[in-house]
**Student:** 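The structure follows.
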Amino acid sequence: QVQLVESGGGLVQAGGSLKLSCAKSGRTFSSYAMGWFRQAPGKEREFVAAITWESSTTSYEDSVKGRFTIFRDNARNTLYLQMNSLKPEDTAVYYCAASRDNIVRSDTLGYDYWGQGTQVTVSS
């Protein structure tokens with residue numbers, strides 16, 4: 001089994017920054033892509049960013065480009081999301097996800113393991 005545990009969420013004012021972390025434990029496999037998704041109340045879960053094992057390929061949802069940065073530390077089995085210039089519309093529960101393969105995908109069906117989520121609230 002694979003466990004993913006997010007941390008780093010909280011309440012921040014618009015324009016502020018937060019750094020999310022996702023610690024992976026349990027079963028190990030050779031290389032795998034990881035991603036961040038978010039879900040606001042009453043909305044579907046949506047893609048935020050994704051990254052390959054080697055960090056050679058990243059992908060971002062248009063509204064976060066230039067503000068969010070996804071990166072990972074494979075030695076620590078940890079995925080990160082640096083979020084700058086936060087806006088009230090970024091308010092959501094943020095989930096990390098891991099895939100069994102090493103392909104960056106923006107759809108939830110492309111990921112096999114999910115964390116429980118961490119709340120991010122941006123006040124105006």
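Computed from heavy atoms alone, side chains included, the values below leave out hydrogens, waters and symmetry copies. We count residues from 1, following the sequence as given.
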**Student:** Can you tell me how far apart SG (Cys22) and CD (Gln3) are? Round to the nearest 0.5 Å.
**Tutor:** 11.0 Å
**Student:** Has Glu6 got a side-chain atom pairing as donor or acceptor with Gly117's backbone, closer than 3.5 angstrom?
**Tutor:** yes
**Student:** Can you find a heavy atom in the side chain of Lys19 that is under 4.5 Å from one in the side chain of Gln82?
**Tutor:** yes
**Student:** Within 45 degrees of the axis of the six-membered ring of Tyr95 and under 6.0 Å from its centre: does Arg45 put its NZ or CZ there?
**Tutor:** yes
**Student:** Side chains of Thr91 and Gln119: does their closest heavy-atom pair fall under 4.5 Å?
**Tutor:** yes
**Student:** May I ask you to decide if Lys43's main-chain N or O and Gln39's side chain share a donor-acceptor pair within less than 3.5 Å?
**Tutor:** yes
**Student:** Is the number of heavy atoms from other residues, nucleotides or ligands under 6.0 Å of Glu54 CD greater than 12?
**Tutor:** yes
**Student:** When you group the ILVMFWY residues by side-chain heavy-atom contacts below 4.5 Å and let the links chain together, are Ile70 and Val104 in the same group?
**Tutor:** no
**Student:** Starting at OG of Ser124, measure out to NZ of Lys87 and round the result to the nearest 0.5 Å.
**Tutor:** 14.0 Å
**Student:** In terms of hydrophobic clustering (I, L, V, M, F, W, Y; side-chain heavy atoms under 4.5 Å; direct or indirect links), are Val93 and Leu79 co-clustered?
**Tutor:** no
**Student:** Identify the heavy atoms of Ala14 and Pro88 that sit nearest to each other, and give their distance.
**Tutor:** CB-CD, 4.1 Å
**Student:** To the nearest 0.5 Å, what is the distance between CD (Gln116) and OG (Ser7)?
**Tutor:** 13.5 Å
**Student:** Search all heavy atoms of Leu81 against all heavy atoms of Ala49 and return the closest pair with its distance.
**Tutor:** CD1-CB, 4.4 Å
**Student:** Going by salt bridge (Lys or Arg N to Asp or Glu O under 4.0 Å), name the residues that satisfy it together with Asp107, two or more places apart in sequence or in a different chain.
**Tutor:** none
**Student:** Is the backbone N or O of Ser31 less than 3.5 Å from a side-chain atom of Asn102, with the two atoms forming a donor-acceptor pair by type?
**Tutor:** no
**Student:** Trp36 versus Leu20: any side-chain heavy-atom pair under 4.5 Å?
**Tutor:** yes
**Student:** Which heavy-atom pair separates Arg38 from Asp90 by the least distance, and what is that distance?
**Tutor:** NH1-OD1, 3.0 Å
**Student:** Looking at Arg105, is its backbone amide N or carbonyl O close enough to the side chain of Tyr111 to form a donor-acceptor pair, meaning the two atoms are under 3.5 Å apart?
**Tutor:** yes
**Student:** Please tell me whether Tyr113 and Ile51 are part of a single hydrophobic cluster in this structure, the criterion being side-chain heavy atoms less than 4.5 Å apart.
**Tutor:** yes
**Student:** If you measure from OG on Ser106 to CD on Glu61, what distance do you get to the nearest 0.5 Å?
**Tutor:** 9.5 Å
**Student:** With the side chain counted from C-beta on, respond yes when Tyr32 and Ile103 share a heavy-atom pair under 4.5 Å apart, and no when they do not.
**Tutor:** no
**Student:** What pair of heavy atoms forms the shortest contact from Val120 to Gly9, and how long is it?
**Tutor:** CG2-CA, 4.1 Å
**Student:** Is the distance from the ring center of Phe37 to that of Trp114 below 6.0 Å?
**Tutor:** yes
**Student:** Please check: side-chain N/O of Arg67 versus main-chain N/O of Ser85, any donor-acceptor pairing under 3.5 Å?
**Tutor:** yes
**Student:** State whether the side chain of Thr121 and the backbone N or O of Leu11 hold a donor-acceptor pair below 3.5 Å, judged by distance alone.
**Tutor:** no
**Student:** Whether the side chain of Asn84 engages the backbone of Ser17 through a donor-acceptor N/O pair (distance < 3.5 Å, no angle test) should be reported.
**Tutor:** no
**Student:** On a heavy-atom basis, which atom in Thr78 and which in Ser21 lie closest, and how many Å separate them?
**Tutor:** CG2-CB, 4.3 Å
**Student:** When you measure from the side chain of Thr57 to the backbone of Thr52, do you find a donor-acceptor pair of N or O atoms at a distance under 3.5 Å?
**Tutor:** no
**Student:** Counting N and O atoms only, with roles assigned by atom type, does the side chain of Ser99 sit under 3.5 Å from a partner on the main chain of Gly110, one being a donor and the other an acceptor?
**Tutor:** yes
**Student:** Is there a path of hydrophobic side-chain contacts, each under 4.5 Å between heavy atoms of I, L, V, M, F, W or Y residues, that connects Met83 with Tyr80?
**Tutor:** no
**Student:** Is the ring centre of Phe47 less than 6.0 Å from the ring centre of Tyr60?
**Tutor:** no
**Student:** Let me see the working for Asn74 and Arg76 under side chain to side chain donor-acceptor pair (under 3.5 Å), right down to the final yes or no.
**Tutor:** CA-CA 5 Å; Asn74 292 333; Arg76 296 179 183 269; over 6 Å; no
**Student:** Quick one: does any side-chain atom of Lys24 pair with a main-chain N or O of Arg27 as donor and acceptor, under 3.5 Å?
**Tutor:** yes
